[in-house]
Q: 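Sharing a structure, written as structure tokens. Questions coming.
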Amino acid sequence: MPQFTDLTGLLGVASVMSAIVMMLPGIARLSTLHKGILLSLIFVSVLMPLGELPLAAYVRGATGDLSITTLVLIWGSLLHRWCGFASIDAKQRDVLLKVVALVAVALYPLSLGVSMFDPYRYGFACVAVIIALLIITLTAWIRKSDLIALCIAFVALAWSIGWYESNNLWDYLTDPFLAIYALWVIAFSMKKYFFKRPLKET
Amino acid sequence: MSYWQQQPKHRKLLLLLVAISFAAAFYKAMHHPAPATFVAPVNDQLVGTPKAIIRSHFVSPTQNISTHAASLVDLGNGYIRAFWFAGSREGAKDVQILTSVFDPVYDRWSPEIAIVDRHSTQSDLLRFVKKIGNPVAHRASDNTLWLYYVTVSIGGWAGSSITAMTSHDDGNTWSAARRLITSPFINISTLVKGTPFNYSDGSIGLPIYHEFIGKFGELLRLSPGGEVLDKQRLTSGKLAIQPVPLIQDTQSALMLMRHTGSAPKRVIGAVTTDAGQHWSAPQKIELKNPDAAVAGVALSDGRLLAVLNDTETKREVLSLVVSSDNGANWETVYQLEDQHGQHPEPAGYAQRAAQLAKDTEATIVDASAYGASARHSKCMGQSCEFEFSYPYLIQAKNSDFHLVYTWNRSHIKHVRFSLEWLDQRITELRKEETDAAVH
């Protein structure tokens with residue numbers, strides 16, 4: 001009998017695989033009903049055992065469980081493409097990715113032993129970290145950056161109820177794939193910014 | 001304008017979600033267990049072996065397979081259960097974790113039984129598993145038997161994660177395996193080797209180490225249910241791995257670690273005097289170490305006992321060493337193995353290994369099979385070497401010591417000695433020192 005945290009982990013991987021299929025050319029032309037049927041088929045096929053394991057379990061072996069932030073972005077995209085739900089505001093998404101990139105730049109090198117300081121330790125129920133996240137969330141809500149507020153609220157809730165195997169808040173907030181995506185988006189926008197700037201006249 | 005900004009009611013709902021989520025988060029954080037003290041070593045010394053004895057056996061009888069990384073757990077009344085991994089080669093897909101029980105009445109090990117392989121593990125974990133290894137056993141305060149082992153889905157051992165399973169009948173049956181999440185980087189590169197220990201509140205201390213890019217030791221604290229409560233870094237950079245805690249009392253411990261840094265090659269040590277809340281900066285101690293695993297225990301009288309390859313290069317010497325001054329000075333009590341400088345060609349190697357097998361267990365019928373098995377694992381072309389590695393030492397509640405280690409990557413060897421033997425051996429050494437000083 002699969003554990004609850006295995007099901008949530010596999011559903012996360014299945015969500016990403018579904019989002020990838022929904023981005024394929026021609027899918028946008030399908031009706032909402034047909035897209036719904038397609039999504040159901042994708043979920044069933046990646047979660048159904050192929051030999052020893054379902055396809056999602058092979059992917060999960062390599063990726064681990066995806067962060068709640070990743071899932072919010074994935075489901076935002078999925079719902080938009082499937083049933084026309086309002087798309088994620090690009091500006092808010094970019095701010096969120098900047099926050100993720102900032103966390104990643106500190107978290108991953110330090111977790112690989114750069115120094116004796118290990119920020120990952122403070123993800124195991126550190127009150128100061130939770131207070132900091134609450135301040136960020138409320139600030140985001142006041143400034144109407146609702147995507148950030150929504151993401152962090154889901155992160156806090158998922159961690160509290162033990163949505164995944166991990167007992168560490170950082171694993172719910174970010175994952176290496178989201179961090180790579182965030183850094184890539186930031187690098188791309190910086191390149192665009194500098195490329196478009198007019199040269200100063202001398 | 002985003003969807004949320006156009007829907008003021010939904011913004012209020014969002015605020016409600018924030019309130020609920022953070023209330024739950026604060027509740028969880030407030031109920032996080034407080035730091036606890038160590039459970040100090042206590043030995044009943046009632047039913048232990050009353051004589052000064054030292055005996056050795058082979059735990060694993062199977063020939064011509066790669067066998068490695070044994071650990072032990074006390075079952076009580078002198079019975080001991082061992083775990084190790086074996087397969088066609090280290091890291092092969094056919095590797096299994098095997099177990100056997102030592103019967104003190106008949107002075108022998110039971111036939112080995114496979115309890116885990118990569119198929120059963122990936123079926124339990126619902127994720128692909130390429131290989132398994134390094135089983136480490138532990139008895140928790142509530143009497144549950146825990147077995148921790150590493151699993152790899154991608155890459156080599158540096159890509160390991162820790163998997164745990166439990167038994168409530170001393171290892172006859174096991175729960176489904178569960179994954180421990182210990183690293184933010186796809187949960188890779190956390191391995192086990194050192195001896196776990198108990199905290200006074202029932203939580204478990206599990207020494208772990210990291211091998212991807214950096215090489216460093218860490219300490220996990222797990223709840224009695226197996227939830228990761230805390231992770232503490234013991235070293236950083238590429239200095240040391242495989243920490244082994246020697247718990248001296250409720251507050252003090254010495255952590256010995258395998259040195260992976262630059263010469264001079266020495267065991268790395270760190271101490272705590274506040275039950276592990278703070279550890280001293282890691283530093284080299286006097287014991288030599290050729291980048292090889294160390295084992296050790298603290299005795300209830302404060303002495304420290306360790307087993308290691310006390311050379312700077314190879315694993316062909318294995319020594320039992322003792323310290324009576326909290327690890328400042330160590331002396332060799334007994335040479336468990338010494339094949340220093342012995343590099344015979346394959347035929348001579350097999351012959352010598354067969355003799356060593358016979359010395360280990362006089363009742364072995366076909367010692368040459370052990371010799372051939374060692375040659376199978378340790379000879380490459382015309383080059384052969386002896387290896388005695390990955391020691392794991394415990395003191396049973398009856399005060400007897402049990403040591404297991406990898407014997408030429410082909411068998412697991414068990415050495416059992418009594419506290420009386422240890423004391424007698426130390427007395428003999430003192431006498432020899434006095435005699436030498438006189439002469």
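Since the structure is predicted, the reported quantities are computational estimates derived from the model, not experimental observations. By convention in this document, chain letters (A, B, ...) are assigned in the order of the sequence lines, proteins followed by strands, and residues within each chain are numbered from 1.
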Q: Based on non-hydrogen pairs under 4.5 Å, which of B:G214, B:A29, B:A23, B:A176 is most in contact with chain A?
A: B:A29

Q: Check each atom of B:I154 against the heavy atoms of chain A and say whether the ones under 4.5 Å are side chain, backbone, both or neither.
A: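 Just its side chain gets close to chain A.
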
Q: Counting only non-hydrogen atoms closer than 4.5 Å, does A:W170 touch chain B with its backbone (N, CA, C, O), its side chain (CB onward), both, or neither?
A: neither

Q: I need the minimum non-hydrogen distance between A:L157 and B:S21, along with the two atoms involved.
A: CB-OG, 3.4 Å

Q: Any chance you could measure B:S236, atom OG, to A:D118, atom CG, to the nearest 0.5 Å?
A: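 Between atom OG of B:S236 and atom CG of A:D118 there are 10.5 Å.
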
Q: Heavy-atom cut-off 4.5 Å, strictly under: side chain, backbone, both or neither for A:L133 against chain B?
A: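 Looking at A:L133, backbone and side chain both touch chain B.
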
Q: Counting heavy-atom pairs under 4.5 Å with chain A, which one of B:T151, B:V129, B:T235 comes out on top?
A: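 Option with the greatest count: B:T235.
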
Q: Using side-chain heavy atoms (C-beta onward) and a distance below 4.5 Å, is B:I181 in contact with A:N168?
A: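 B:I181 vs A:N168: side chains apart.
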
Q: Go through the atoms of A:Y122 and report whether side chain, backbone, both or neither lie under 4.5 Å from a heavy atom of chain B.
A: neither

Q: Measure distances from A:S115 to the heavy atoms of chain B and classify the residue's part below 4.5 Å as side chain, backbone, both or neither.
A: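 For A:S115, the backbone is the part near chain B, not the side chain.
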
Q: Can you say whether B:L180 sits under 4.5 Å from chain A via the side chain, the backbone, both, or neither, judging by heavy atoms?
A: neither

Q: If you count every heavy atom of other residues, nucleotides or ligands that lies below 6.0 Å from B:Q283 atom CD, does the total exceed 12?
A: no

Q: How about NE2 on A:H34, more than 12 heavy atoms from neighbouring residues, nucleotides or ligands closer than 6.0 Å, or not?
A: no

Q: Quick one: NZ on A:K144 to CZ on B:R11, what's the gap to the nearest 0.5 Å?
A: 5.5 Å

Q: Hey, is the main chain of A:Y120 close enough, under 3.5 Å, to the side chain of B:K231 for a donor-acceptor pair?
A: no

Q: Heavy-atom distance under 4.5 Å to chain A: side chain of B:T182, backbone, both or neither?
A: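 The backbone, not the side chain.
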
Q: Are the side chains of B:L17 and A:L150 in contact, using a 4.5 Å heavy-atom criterion?
A: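 The answer is yes; the side chains approach within 4.5 Å.
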
Q: Salt bridge or not for B:R179 and A:D6, using N-O below 4.0 Å?
A: no

Q: Within a reach of under 6.0 Å around NZ of B:K284, are more than 12 heavy atoms found that belong to other residues, nucleotides or ligands?
A: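 For B:K284, atom NZ is crowded (more than 12 foreign heavy atoms under 6.0 Å).
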
Q: Using non-hydrogen atoms and a 4.5 Å limit, figure out which bit of B:D230 sits close to chain A: side chain, backbone, both or neither.
A: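 The answer is both parts of B:D230.
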
Q: When heavy-atom pairs shorter than 4.5 Å are enumerated against chain B, which of A:V114, A:L112, A:D171 gives the highest number?
A: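 Heavy-atom pairs under 4.5 Å are most numerous for A:L112.
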
Q: Give, as side chain, backbone, both or neither, the part of A:L173 having an atom under 4.5 angstrom from any heavy atom of chain B.
A: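 No part of it gets close to chain B.
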
Q: To the closest 0.5 Å, what do you measure between CZ (A:R121) and CD (B:E218)?
A: 10.5 Å

Q: Could you tell me which portion of B:L234 (side chain, backbone, both or neither) has an atom closer than 4.5 angstrom to a non-hydrogen atom of chain A?
A: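 When you check distances to chain A, only backbone atoms of B:L234 fall under 4.5 Å.
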
Q: May I ask you to check whether over 12 heavy atoms, not counting those of A:K35, lie within 6.0 Å of atom NZ?
A: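 Yes, enclosed.
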
Q: Of the non-hydrogen atoms in B:F26 and A:V127, which two are nearest, and what is the gap between them?
A: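 In terms of heavy atoms, the two residues are closest at CE2-CG1, 4.1 Å.
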
Q: Please classify the contact of B:F216 with chain A as side chain, backbone, both or neither, using a heavy-atom distance under 4.5 Å.
A: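 Looking at B:F216, just its side chain touches chain A.
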
Q: For chain A, which candidate among B:H210, B:H119, B:M30 shows the most heavy-atom pairs at distances under 4.5 Å?
A: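 Looking at each option in turn, the highest pair count goes to B:H119.
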
Q: Ignoring hydrogens, what is the shortest heavy-atom contact between A:A125 and B:H32? Give both atom names and the distance.
A: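 Of all heavy-atom pairs spanning A:A125 and B:H32, the closest is CB-ND1, 3.4 Å.
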
Q: Relative to chain B, which segment of A:I130 carries a heavy atom at a distance below 4.5 Å: side chain, backbone, both, or neither?
A: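 For A:I130, the contact with chain B is made by backbone and side chain together.
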
Q: For the pair A:W141 (side chain) and B:K12 (backbone), establish whether a donor and an acceptor sit closer than 3.5 Å, ignoring hydrogens and angles.
A: no

Q: Taking all non-hydrogen atoms of both residues, which atom of B:L126 and which atom of A:P54 are closest, and how far apart?
A: CD2-CD, 4.3 Å

Q: Counting C-beta onward and ignoring hydrogens, is there a side-chain heavy-atom pair between A:Y108 and B:P184 closer than 4.5 Å?
A: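 A side-chain contact under 4.5 Å exists here.
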
Q: Any heavy-atom pair between the side chains of A:L138 and B:L15 that's under 4.5 Å?
A: yes

Q: Kindly give the heavy-atom pair with the smallest separation between A:G61 and B:S153, and that separation in Å.
A: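 So the minimum-distance heavy-atom pair works out to O-CB, 3.1 Å.
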
Q: What part of A:T5 is in contact with chain B, defined as an atom under 4.5 angstrom from a non-hydrogen atom: side chain, backbone, both or neither?
A: side chain

Q: Between A:Y164, A:Y58, A:W159, which shows the greatest number of heavy-atom pairs under 4.5 Å with chain B?
A: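 So the answer, after comparing A:Y164, A:Y58, A:W159, is A:W159.
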
Q: Only pairs of heavy atoms separated by less than 4.5 Å count here; which of B:F185, B:F128, B:F22 has the most with chain A?
A: B:F22

Q: Measure B:H31 against the heavy atoms of chain A and call it side chain, backbone, both or neither at under 4.5 Å.
A: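 For B:H31, neither part sits under 4.5 Å from chain A.
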
Q: Considering only NZ, NE, NH1 and NH2 on the basic side and carboxylate oxygens on the acidic side, decide whether B:R127 and A:E165 come within less than 4.0 Å.
A: yes

Q: More than 12 heavy atoms of other residues, nucleotides or ligands under 6.0 Å from CH2 of A:W163: yes or no?
A: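 No, not enclosed.
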
